[in-house]
4 protein chains.
Amino acid sequence: MLSKTSNVSSAPYRVHRERQRRRIMTAAQKLFDVDGIDRVTMANIISATGIRASTLYEYFSSKDEIVWALVEELMVQSSASIRTSIDDATGSALVKITALLQALGDELVQHSARVRFMAQFDARYAFDWSVERLVALEEQIFPGRFEELSALIRDGIADGSLRSDLDPELTLHAIVNAVIGAQRRLASLGSRVEKEYGQPIELLFRETVRILLLGLRAT
Amino acid sequence: MLSKTSNVSSAPYRVHRERQRRRIMTAAQKLFDVDGIDRVTMANIISATGIRASTLYEYFSSKDEIVWALVEELMVQSSASIRTSIDDATGSALVKITALLQALGDELVQHSARVRFMAQFDARYAFDWSVERLVALEEQIFPGRFEELSALIRDGIADGSLRSDLDPELTLHAIVNAVIGAQRRLASLGSRVEKEYGQPIELLFRETVRILLLGLRAT
Amino acid sequence: MLSKTSNVSSAPYRVHRERQRRRIMTAAQKLFDVDGIDRVTMANIISATGIRASTLYEYFSSKDEIVWALVEELMVQSSASIRTSIDDATGSALVKITALLQALGDELVQHSARVRFMAQFDARYAFDWSVERLVALEEQIFPGRFEELSALIRDGIADGSLRSDLDPELTLHAIVNAVIGAQRRLASLGSRVEKEYGQPIELLFRETVRILLLGLRAT
Amino acid sequence: MLSKTSNVSSAPYRVHRERQRRRIMTAAQKLFDVDGIDRVTMANIISATGIRASTLYEYFSSKDEIVWALVEELMVQSSASIRTSIDDATGSALVKITALLQALGDELVQHSARVRFMAQFDARYAFDWSVERLVALEEQIFPGRFEELSALIRDGIADGSLRSDLDPELTLHAIVNAVIGAQRRLASLGSRVEKEYGQPIELLFRETVRILLLGLRAT
DNA sequence: CATGAATGAGCCTTCATTCAT
DNA sequence: CATGAATGAAGGCTCATTCAT
């Protein structure tokens with residue numbers, strides 16, 4: 001009927017499509033953050049966006065796809081700002097590692113919703129077979145990140161800023177895992193942890209980082 | 001008028017009841033571990049136990065109640081063995097803290113299902129209003145645990161085994177949070193993390209603990 | 001085991017049984033009045049009495065049997081006091097009819113729970129096949145009541161207190177049906193009717209009776 | 001942004017939707033009439049309509065909603081025909097009141113299912129909190145009905161067709177309540193009452209009305 | 001006579017998703 | 001490209017009642 005065939009998708013269409021996607025993702029993220037991914041239904045998202053169910057399926061073929069789209073977006077943002085922090089830090093390897101861990105702290109404070117979402121994602125996908133998909137995504141967003149961490153340790157031993165008995169293939173991976181674990185736990189349990197520990201989560205996180213750095217530093 | 005506590009009800013009944021509860025809890029735990037709490041349905045549990053649906057509801061009034069019963073049980077076990085580790089450790093406060101963190105490592109290795117379950121529980125209940133219930137449960141199982149942690153830091157500063165610039169109200173809470181975060185993350189993501197980091201999770205955990213202890217220790 | 005064989009049921013046992021029945025009936029009636037017969041479950045009654053389910057079934061073989069036992073009891077009470085009112089009234093047939101209708105008004109005011117229960121019973125059993133059972137019960141409690149009503153009309157025409165164009169087989173039945181209908185409606189809808197009509201239900205009922213009596217009276 | 005009122009949705013859709021609703025309501029009403037609202041399950045309605053469960057829920061979100069839709073419909077019909085009867089009656093207030101009460105009799109005879117349904121509704125909702133909803137519905141369907149009844153009494157006293165000692169705020173409300181009570185009782189208990197009283201319900205009802213009117217009329 | 005345990009038969013929804021228009 | 005309608009497949013839970021002890 002229309003003169004243009006559908007797959008030409010001239011600019012205006014593309015812009016429209018992009019706007020719709022955003023709308024869906026924004027609405028979904030808000031709901032996920034409040035109620036948890038598992039407790040949010042497609043119906044919730046649909047009524048939050050005002051888009052009809054069948055229309056939504058033109059953009060995302062399932063709830064999982066919405067989740068993955070958000071994961072990608074948030075991982076890109078996250079890795080970009082961490083990237084920047086590390087690159088901006090000049091000096092010894094210890095300085096760079098400090099920048100890395102502090103960037104995770106900043107993220108916790110300034111983008112707690114993002115961290116909470118990633119915590120949920122981890123928990124949810126611990127039971128899915130999507131491992132490959134996630135690994136591929138990470139590799140695409142942040143290629144070579146593991147080698148880079150190992151290199152940091154090696155550099156630090158070389159430049160004398162780190163203890164000499166650290167294992168380049170192990171230590172920083174261990175640290176990063178712990179810091180991310182701490183970060184996500186604090187973000188998820190948030191006020192609950194604050195109530196239990198009687199300390200604001202930011203302080204708890206900064207103290208963790210301080211002790212770790214003291215442990216890494218050459219004596 | 002009526003002795004409401006007719007729970008004198010002759011031992012055999014009680015024993016039977018307890019056996020049934022166990023059967024249900026064991027079956028549920030196994031399913032939760034494989035598929036994740038949220039993806040396990042009452043129907044799954046029912047067919048796994050061989051008990052009829054309506055019978056099961058005589059024991060647990062909802063899936064949540066099964067979850068809570070497991071949480072209680074696992075927390076009791078966990079706190080008992082950590083308790084023992086700390087009490088068995090003799091020497092400076094640092095020795096005790098070392099024992100505490102290593103106990104968490106042992107738990108990760110020897111009872112990874114337990115840790116995985118607790119990780120799921122944390123994730124799930126981040127969105128529920130059960131905060132009070134959990135806090136009450138923790139207080140019942142491990143009363144005064146927070147004061148105890150603060151005291152350990154104070155003792156360590158006094159006995160010269162810990163750095164003198166630590167904050168008794170903050171440091172150990174921060175450490176414990178991070179270690180539990182690391183522990184649960186490693187347990188949940190398990191093989192996935194191993195694949196990514198190329199290191200067995202036990203080593204990653206032990207290295208985390210090592211660095212933290214180095215950071216705490218007096219120089 | 002016990003020396004006495006069961007069906008001798010010596011006095012103490014009988015007394016006990018009777019007390020238990022009462023307890024059940026009282027608890028059930030209270031629940032029925034608050035929540036409505038249909039919305040009360042056996043489980044509710046059981047927990048309200050404190051008697052175990054299986055024990056309760058020793059007394060009543062179903063919820064319906066409890067209902068019927070209450071119906072019988074309330075009908076006996078009701079018919080007794082109406083009986084008394086009529087018999088106490090001396091004078092013309094109109095005086096006796098007046099007493100009858102006023103007795104129904106007194107019941108509405110003084111025993112509204114009883115009336116509400118009967119209203120529920122009517123509604124519920126409009127769909128059951130228990131017609132015969134009810135008719136038999138009524139016949140047993142109040143034998144010959146219909147002939148008696150017809151006779152009242154006849155007497156009233158004879159003694160000049162009633163209009164002469166009334167039909168002995170019809171009029172009083174019609175009146176009684178209407179008055180019971182009004183009585184039960186007022187009892188069931190209670191405060192709702194008061195709010196709508198802006199008049200207390202007692203006044204509404206008394207006015208109905210007044211008009212009916214004016215309509216019956218000889219001019 | 002989005003025209004929420006996309007209910008322009010082309011006539012055919014609307015027509016279809018309306019037909020489906022009717023189908024459901026008709027089937028439900030038939031079942032309610034035979035078995036009683038409380039004994040009819042969603043499953044019954046579903047298999048009676050031939051519509052799938054999940055489809056039905058697109059039209060009515062619960063059994064209650066079906067009931068309310070029927071109530072509204074029947075109240076509209078009922079009030080319309082009573083309205084007409086009163087308006088068609090010309091003459092004294094007594095003539096109008098006569099028309100009103102006879103209209104209720106006609107309804108009993110010609111639409112006994114409708115009356116039975118309303119009787120059930122009254123009984124059921126005596127225990128629900130829906131009072132406000134019902135009052136709102138009545139006010140919407142028949143606004144100012146109470147003032148109108150009072151006015152009728154006042155007019156009748158003025159035009160000499162009614163006794164002068166009637167209370168405009170009370171009498172007709174009392175009469176209407178009694179007549180509706182009688183009407184619904186006769187409709188519900190139907191054949192049972194006929195068997196007991198040995199008279200067709202129509203005659204019983206007409207006699208009630210006759211006596212009431214005699215009681216109202218000026219002497 | 002009392003009791004704890006067991007249970008079959010239902011019940012009312014909810015949800016992600018597909019399809020014809 | 002958008003939309004209304006439809007739906008298969010579960011899902012969680014309740015209830016009256018029966019038995020073995």
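FYI, side chains are in, hydrogens and waters are out, and symmetry mates aren't considered; it's all heavy atoms of this structure. In the text below, chain A, chain B and the rest are named by the order of the sequence lines, each starting its count at 1.
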Nucleotide dT7(F), atom C1' - distance to CD1 of I51(D) in whole Å:
12 Å
So, for I37(A) and K63(A), which heavy atoms are closest and what is the spacing to 0.1 Å?
O-NZ, 3.1 Å
Electrostatic pair R133(D)-E65(D), nearest N-O below 4.0 angstrom:
yes
Show me the donor-acceptor pairs, under 3.5 Å and distance only, between side chains in residues 24-36 of chain D and residues at least two apart or in other chains.
{"unit_1": "T26(D)", "atom_1": "OG1", "unit_2": "R22(D)", "atom_2": "O", "d": "2.7"}
{"unit_1": "D33(D)", "atom_1": "OD1", "unit_2": "R116(D)", "atom_2": "NE", "d": "2.8"}
{"unit_1": "D33(D)", "atom_1": "OD1", "unit_2": "R116(D)", "atom_2": "NH2", "d": "3.2"}
{"unit_1": "D33(D)", "atom_1": "OD2", "unit_2": "R116(D)", "atom_2": "NH2", "d": "2.7"}

Rounding to a whole Å, what distance do you find between H16(D):NE2 and dA6(F):C1'?
8 Å
Within residues 35-71 of chain C or reaching into it, pairs that qualify as ring pair (Phe, Tyr, Trp, His ring centres under 6.0 Å) - sequence neighbours excluded:
W68(C)-F121(C), W68(C)-Y125(C)
For dG4(E), take OP1 and OP2 only and decide whether either is under 4.0 Å from a side-chain N or O of R52(C).
yes
Give the minimum heavy-atom separation between M42(B) and S62(B), together with the two atoms involved.
CE-C, 3.3 Å
Measure the distance from CG on N44(B) to P on dA10(F) and round it to the nearest whole Å.
11 Å
Counterpart residues, salt bridge (Lys or Arg N to Asp or Glu O under 4.0 Å), relative to R39(C) (two or more places apart)
D38(D)
On a heavy-atom basis, which atom in I51(D) and which in I46(D) lie closest, and how many Å separate them?
O-CG2, 3.3 Å
Round to the nearest Å and state the distance from D38(A) atom CG to dG11(F) atom P.
14 Å
List in numerical order all residues of residues 18-30 of chain D for which some heavy atom is under 4.0 Å away from an atom belonging to DNA chain E.
none
When rounded to whole Å, the CZ to C1' distance for the pair R14(D) and dT3(F) reads 15 Å
Answer yes or no: is there a side-chain heavy-atom contact under 4.5 Å between V67(B) and L70(B)?
no
For R17(D) and dG4(F), is the shortest distance between a side-chain N/O and OP1 or OP2 below 4.0 Å?
no
Is the backbone N or O of T41(B) less than 3.5 Å from a side-chain atom of N44(B), with the two atoms forming a donor-acceptor pair by type?
yes
Nearest-nucleotide wise, let me know which of A43(D) and G50(B) is further upstream toward the 5' end of DNA chain E.
G50(B)
Choosing from dA16(E), dA5(F), dG12(F), which nucleotide comes nearest the side chain of T41(A)?
dA16(E)
So which of residues 54-69 of chain D are in contact with DNA chain E, with a heavy-atom cut-off of under 4.0 Å?
S54(D), Y57(D), S62(D), K63(D)
In DNA chain E, stems of three or more consecutive pairs, Watson-Crick or G-U, each with both distances under 3.5 Å, turn out to be E:2-21 with F:2-21
Heavy-atom closest pair (A126(C) atom, S188(D) atom, distance to 0.1 Å) is CB-O, 3.8 Å
Whether the Q20(D) and R23(D) side chains hold a donor-acceptor pair (N or O, under 3.5 Å, no angle test) is what I'd like checked.
yes
Between I46(C) (CD1) and dT3(E) (C1'), how many Å, whole number?
12 Å
Could you state the CZ-P distance from R39(C) to dA16(F), rounded to the nearest angstrom?
13 Å
